[in-house]
Amino acid sequence: MRFSSIGRRTRTLLVAAAAVPLFALAACSGGGDDSGAPKAAPTDGTLTVGLLGDIGQPPDPDVYYANNGLAIVLNTYEGLVQYADDKDSVEIAPRLATTWDVNADNTVFTFHLRQGVTFHDGTPFTSAAVKVAFDRRTAVKGGAAYMVEGVKDVATPDDLTAVVTLSAPNSAFLDYLASPFGPKMESPTALAANAGSDDTQTYLQTHDVGTGPYTIAAAQPGTSWTLKRYDGYWGDKSPFTTVQLPIYTDASALQLAFDHGDVSAVVAALPSSSLKKYEGSKDYASYLLPTLQSALVTVNPTKEFFKSQQARLAFLQSIDQKSLVDQVLGNRSEPATTLYAKGMIPGGADKQELTYDPSVMEAYAKTLPAGTDMTIGFASGNTNAEQMANIQAAKLQALGIKATAASYPTSQVFGWINDPTQGPDAFFDGNNGPDGGSPYMWGHVFWDASGGINYFGCEVPEVNAQLDRAVATGDDALYVAAAEEYAKTGCYYNLSYNKDWVLAQKWLTGVEQSHNIGANELDFSKLGIAQ
């Protein structure tokens, strides 16, 4: 079983990180500046959440495959399941399905649906909508269409039961549905009424047809979005009847608006260099919340410098992981100890065995001709990755290697897979992650050359085969074996577990309860105002 397009979203994730003008904040990120009194809570029922940069794509759940616009998608649409909020681990939780059953070979998934749910146009939510939503995702063929490619049939024995049959076993299917990019339920009535000639894609550029706690009230792409509370919503209703999502093109302007109280919350949009200002502040609330994302190091085996496994492992062993994470990433990260994301394999059985031993690289350096050069790459604009690359290059220079750090635009980074010899010798990735919490969704994208984020095409056919066998059964031992085999290549280092930084005004409540490990966004319906 192969899902060749599984990694596309993470491409845009890296693009978003690279687009952040991190350097712009250097002048306003000094420590200890607690200027400004606590800002008063709004009295008009309006929550303002600042976005950094345009969302880039229409918030159509079958098209959208990036991060910034999830604030709109996840508050206007709902799927059958989701990841549990406020958890430091991967846990499937109910949403529009209250319970579900899975047969022994992971081919039949029976969902028991929530009663009393209506779409924003008033259409009742029934099992018929499940089939319509899955069919539309297939027809639209957006980046996350792979999540329904294996669906053979959707049966609807009654209004509150949907039986999904897959064409082959897939233990990751619930993770596909729980992913923030997973299929969302869409009003069959609204889809039919606004279908046009493109499966409703034009209509959904500025409207929504979901069941979520909010509905799109006004759209000014590139400038701002406005959501209105859906009073027919089945779940929690926050006191915020309106959510404004103004778009800032510059991080320093967004930070200034927050400091002035014009913005209520900022989610994953400010750089680590600003963290010191807000940690421990008496005027603002700062949250570091769990995600599935990591900083990573990948090594290019097509380059002469790293032609041998011995050289690649020597390089990875020369990276002082703890020092690098502490010095550059700070409290937003911790050194990774596992080969997959934190918590993907129970008990951490996928232990990463790399140990810091610079003497191995020193010995390799002595075998090289004097003045041998090599390049360590990082994504343009990613200050954290740039700092790490520079520190590592300096260490190699001390060994007599002519090492340099170099910036690459993301369009170039994702082109290396077509000719890895055009890439640098190694690459520092400041923040990246999978679509969901299954170890298959991690291993496939980072280790399989067809997965989307294996920049230099370093793969092992047997590892790919092990991942395919593992996803059929969900056998953690197979996942661990695949990871251990891939680690032997010396092409990969899971450097740190990264956290999501949410900055909020003191009066805003429910931030932790509204956040889940799968998305860099908040469920606005769970937010409130301190009394």
Side-chain angles (χ1 to χ4, degrees), residues 1-11 90 102-109 144-152 165-176 179 292 294 296-302 306-309 312-313 316 338-341 344-354 416-418 420 432-494:
M1 184 183 302
R2 306 296 287 274
F3 304 96
S4 60
S5 59
I6 197 170
R8 290 177 185 164
R9 193 273 308 179
T10 37
R11 298 180 185 185
V90 175
V102 184
N103 71 341
D105 70 353
N106 296 306
T107 55
V108 180
F109 295 73
Y146 77 86
M147 294 177 176
V148 296
E149 282 178 357
V151 174
K152 179 180 178 182
T165 301
L166 306 183
S167 54
N170 186 352
S171 66
F173 186 64
L174 286 177
D175 285 281
Y176 291 0
S179 164
L292 295 170
S294 288
L296 300 161
V297 181
T298 50
V299 178
N300 190 343
T302 71
F306 286 132
K307 65 181 179 182
S308 73
Q309 176 201 42
R312 298 191 294 271
L313 289 171
L316 296 183
T338 58
L339 293 162
Y340 293 97
M344 271 190 173
I345 300 293
D350 54 324
K351 186 178 179 182
Q352 188 166 237
E353 300 290 354
L354 275 172
W416 291 334
I417 187 64
N418 300 315
N432 220 327
D435 285 354
S438 162
Y440 178 79
M441 300 170 89
W442 181 280
H444 177 69
V445 298
F446 289 119
W447 306 334
D448 184 335
S450 70
I453 314 183
N454 187 340
Y455 305 122
F456 304 129
C458 180
E459 68 174 358
V460 180
E462 177 53 26
V463 170
N464 298 344
Q466 282 178 309
L467 290 172
D468 289 348
R469 290 196 293 274
V471 75
T473 62
D475 186 342
D476 285 334
L478 281 174
Y479 281 124
V480 171
E484 291 175 344
E485 187 66 26
Y486 189 76
K488 294 176 184 175
T489 63
C491 292
Y492 166 87
Y493 197 167
N494 187 8

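Computed from heavy atoms alone, side chains included, the values below leave out hydrogens, waters and symmetry copies.
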Check: Should the pair Tyr440 and His444 be assigned to parallel (<30°), tilted (30 to 60°) or perpendicular (>60°) ring geometry?
Finding: parallel
Next item on the list: To the nearest 0.5 Å, tell me how far Ile453 CD1 sits from Asn432 CG.
Entry: 4.0 Å
Checklist line | Check: Val445 and Met441 side chains under 4.5 Å, non-hydrogen atoms | finding: no
Notebook entry, point to check: Quick one: CD on Gln352 to CG on Leu316, what's the gap to the nearest 0.5 Å?
Noted result: 8.5 Å
Check: Within a strict 4.5 Å, meaning less than it, do heavy atoms of the Tyr146 and Asp435 side chains meet?
Finding: yes
Margin query: As a quick check of understanding, evaluate side-chain contact (heavy atoms from CB on, under 4.5 Å) for Glu459 and Asn464, giving each step before the final call.
Written below: CA-CA 8 Å; Glu459 68 174 358; Asn464 298 344; 3.0 Å; yes
Margin query: Which label fits Trp447 and Tyr486: parallel for a plane angle under 30°, tilted from 30 to 60°, or perpendicular past 60°?
Written below: parallel
Check: Closest approach of Leu313 and Ala487, non-hydrogen atoms and distance?
Finding: CD2-O, 4.1 Å
Next item on the list: Specify the closest pair of heavy atoms between Ala349 and Val480, including all atoms of both residues, with the distance to one decimal.
Entry: O-CG1, 3.7 Å
Check: What residues, two or more places apart in sequence or in another chain, satisfy salt bridge (Lys or Arg N to Asp or Glu O under 4.0 Å) together with Lys152?
Finding: none
Check: How close do Arg312 and Gly490 get, heavy atom to heavy atom, and via which atoms?
Finding: CB-O, 3.3 Å
Checklist line | Non-hydrogen side-chain atoms of Tyr479 and Asp350 separated by less than 4.5 Å | finding: no
Note to self: I'd like to check the side chain to side chain contact (heavy atoms under 4.5 Å, CB included) partners of Ile417; sequence neighbours left out, ordered by chain and number.
What the structure shows: Ala449
Next item on the list: Check whether any side-chain heavy atom of Leu166 lies under 4.5 Å from a side-chain heavy atom of Asn106, and answer yes or no.
Entry: no
Note to self: So, taking the atom named CG in Asp468 and the one named OG1 in Thr473, what distance separates them when rounded to the nearest 0.5 Å?
What the structure shows: 11.0 Å
Notebook entry, point to check: Looking at CG of Asp475 and CD of Gln466, how far apart are the two atoms once the value is rounded to the nearest 0.5 Å?
Noted result: 10.5 Å
Next item on the list: Would you please name every residue forming a salt bridge (Lys or Arg N to Asp or Glu O under 4.0 Å) with Lys351, sequence neighbours left out?
Entry: none
Notebook entry, point to check: Are side-chain heavy atoms of Asn494 and Leu339 found at a separation under 4.5 Å?
Noted result: no
Next item on the list: Any chance you could measure Glu353, atom CD, to Lys488, atom NZ, to the nearest 0.5 Å?
Entry: 11.5 Å
Margin query: Quick check for you: to the nearest 0.5 Å, what is the distance between Tyr340 atom OH and Ser438 atom OG?
Written below: 8.5 Å
Note to self: Looking at Val471, is its backbone amide N or carbonyl O close enough to the side chain of Ser171 to form a donor-acceptor pair, meaning the two atoms are under 3.5 Å apart?
What the structure shows: yes
Notebook entry, point to check: Any side-chain heavy atom of Ile345 sitting closer than 4.5 Å to one from Pro439?
Noted result: yes
Note to self: If you define the side chain from C-beta out and look only at heavy atoms, does anything of Phe173 sit under 4.5 Å from Val151?
What the structure shows: yes
Margin query: Can you give me the closest heavy-atom contact between Asp105 and Thr107, atom names plus distance?
Written below: OD1-OG1, 2.6 Å
Checklist line | Nearest heavy atoms of Ala470 and Leu478, plus distance in Å | finding: CB-CB, 3.7 Å
Next item on the list: Please check if the side chain of Asn300 supplies one atom and the backbone of Phe456 the other of a donor-acceptor pair under 3.5 Å.
Entry: no
Check: Looking only at heavy atoms, what is the nearest atom pair of Val90 and Leu292, with distance?
Finding: CG2-CD2, 3.8 Å
Notebook entry, point to check: Do Trp442 and Ser294 touch side chain to side chain, with heavy atoms closer than 4.5 Å?
Noted result: yes
